[in-house]
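Chain letters run A, B, ... following the sequence lines, proteins first and then strands; every chain starts at 1.
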2 protein chains.
Amino acid sequence: MAPETGTRSNAVFDRLRADVLGGRLAPGSKLKLAMLGARYEVSLSVVREALSRLAEQGLVVAHPQRGFSVMALSPEDLTDLTNTRIDLETLAARRSVEHGDLAWETALVAAHHTLAGTSLMAGEGEVNEGWIDAHRAFHHALVAGCGSPRLQGLATGLRDAAELYRIWSTSLTHDTKRDVPAEHARLLELAIARDADGLVAALAAHIQGTTDMLLRYAAEAGL
Amino acid sequence: MAPETGTRSNAVFDRLRADVLGGRLAPGSKLKLAMLGARYEVSLSVVREALSRLAEQGLVVAHPQRGFSVMALSPEDLTDLTNTRIDLETLAARRSVEHGDLAWETALVAAHHTLAGTSLMAGEGEVNEGWIDAHRAFHHALVAGCGSPRLQGLATGLRDAAELYRIWSTSLTHDTKRDVPAEHARLLELAIARDADGLVAALAAHIQGTTDMLLRYAAEAGL
DNA sequence: ATGCAACATTATTTCGAAATTTCTTCCGTC
DNA sequence: GACGGAAGAAATTTCGAAATAATGTTGCAT
């Protein structure tokens, strides 16, 4: 999404972030500098800088003199995160409906078309990387018309943090009770119709639905 | 406020941040690594890391291969920042009123007492550093009862960003039309009385008031 | 005089090793 | 047998210099 190119630090920052978000670096696990340096084939310094930035973003935590570890997941944090996300994202969505112009509508329709045309699963219980990108792009487009770069940035950051919890859902991605594509279609419909209250309600339910599923899984797994 | 000790990086991060927020490093100005390395008497590496973290926080911007510069100030950003701040801070304040316990009330009363007992001006048009801290602590205490670490953290970050603009107000800190201490007293009163709507309105006006003054100054100064 | 290209200078970025701190293990003592 | 502590190992953090990219300057040709 944001492939800031140029320096090695940025490249490692992006890859590290993708690896954390993709679950290839387990939540709560300790991150050894040497290990990562070897993995990305760069010096320790750039790994360190990338980690510091990630820590500032909240995806990893820094223990002074004791290195870094991937942020630990907990039901409490997920609940807080979800509530905050609903607050910010619905607010931004409302503003989008109120202030969004034709360009916003167009981008939103396009993003939804891409999402609808991308399959969720890739192979054997593997989630399709492309779907994740398309999903993120759709939600991003939904709030992109709010007219506030600050609010938008905050919402994006929270959504990224929430992506971490997707790791919990690897096995039960197909929740029989939900029809996620239909929910997205409904969100698009309400946005185009400029039904602010309806959109806010639907979006809140959409976000909460995913979290409920995850919390159910966490409870079963005894977390 | 957050004197994370332990590593040199953290120390430089804190000092750098204080220097940016305190206006000793002019907004928009270029930050040369060697210059800062000499200033803080540390290696370039730690300066670099501290800057990267500050950039991730949004207080400075990173230009790949071209170093860093303090974030540039603009009336547009101030307006956006203020709106977002009002959205988040009033939301958090409302939650505090709804969910805050006795410990929250106590801390808030204490923070207000300290603020009320601290004079704004130090000497010749110099703002008292202690007052800034006390002011920050008061606003922090106001939203500390919201029960959401995430929301609280976001609100704090926005307030810090807004502090940058205080630089614009060096000359006209005593706005004849406002009685800031009275506003603070009123905020405390409404919070203790658990008047959520009243508190939200007063807080919004309080934040907006400062911004209006700054925007007026910016317009006069031709920014 | 103006545009352009090669060169020199400056600043950023990366590296690899030294210095510091924390973690582990092993030994002696109670 | 357990507790305390020191020596050793491992990892993080810092440094100073080398590599790399950007900027400024000079000289040449148009």
Q: Could you walk me through whether B:Arg48 and B:Arg53 pass the side chain to side chain contact (heavy atoms under 4.5 Å, CB included) test, one step at a time?
A: CA-CA 9 Å; B:Arg48 183 177 171 69; B:Arg53 289 172 55 188; over 6 Å; no

(Q) For the CZ atom on A:Arg24, are there more than 12 heavy atoms of other groups (residues, nucleotides or ligands in this structure) within a distance under 6.0 Å? (A)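 Counting neighbours around CZ of A:Arg24, more than 12 heavy atoms of other residues, nucleotides or ligands fall under 6.0 Å, so yes.
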
Q. Is a side-chain donor-acceptor pair under 3.5 Å present for A:Tyr217 with A:Asp212?
A.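 A:Asp212 vs A:Tyr217: no donor-acceptor pair found between side chains.
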
Do the side-chain N or O atoms of [X] get closer than 4.0 angstrom to the phosphate oxygens (OP1, OP2) of [N]?
{"X": "B:Arg66", "N": "C:dA11", "answer": "no"}
{"X": "B:Lys30", "N": "C:dT10", "answer": "no"}
{"X": "A:Ser9", "N": "C:dT14", "answer": "yes"}

(Q) Let me spell it out: for each of B:Leu31 and B:Arg8, pick the nucleotide of DNA chain C with the closest heavy atom. Which residue's pick is nearer the 5' end? (A)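 The residue closer to the strand's 5' end, by nearest nucleotide, is B:Leu31.
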
(Q) For a ring pair (Phe, Tyr, Trp, His ring centres under 6.0 Å) check, start with the C-alpha distance between A:His206 and A:His139, then their side-chain angles and the critical distance, and finish with the verdict. (A) CA-CA 11 Å; A:His206 178 68; A:His139 276 277; 5.1 Å; yes

(Q) Expressed as a whole number of angstroms, how long is the span from A:Lys32:NZ to D:dA9:P? (A)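 Rounded to whole Å, this separation is 18 Å.
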
Q. Which of parallel (below 30°), tilted (30 to 60°) and perpendicular (above 60°) describes B:Tyr165 and B:Trp168?
A.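 If you compare the ring of B:Tyr165 with that of B:Trp168, the planes turn out perpendicular.
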
Q: For DNA chain C, determine which residues of residues 41-50 of chain A have any heavy atom closer than 4.0 angstrom to one of its atoms, and list them numerically.
A: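 Those residues are A:Val42, A:Ser43, A:Ser45, A:Val46.
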
Q: Sort out for me which residue in A:Leu16, A:Val70, A:Leu21 forms a side-chain contact (heavy atoms from CB on, under 4.5 Å) with A:Leu59.
A: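 That would be A:Leu21; it is the only one of A:Leu16, A:Val70, A:Leu21 passing the side-chain contact (heavy atoms from CB on, under 4.5 Å) with A:Leu59.
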
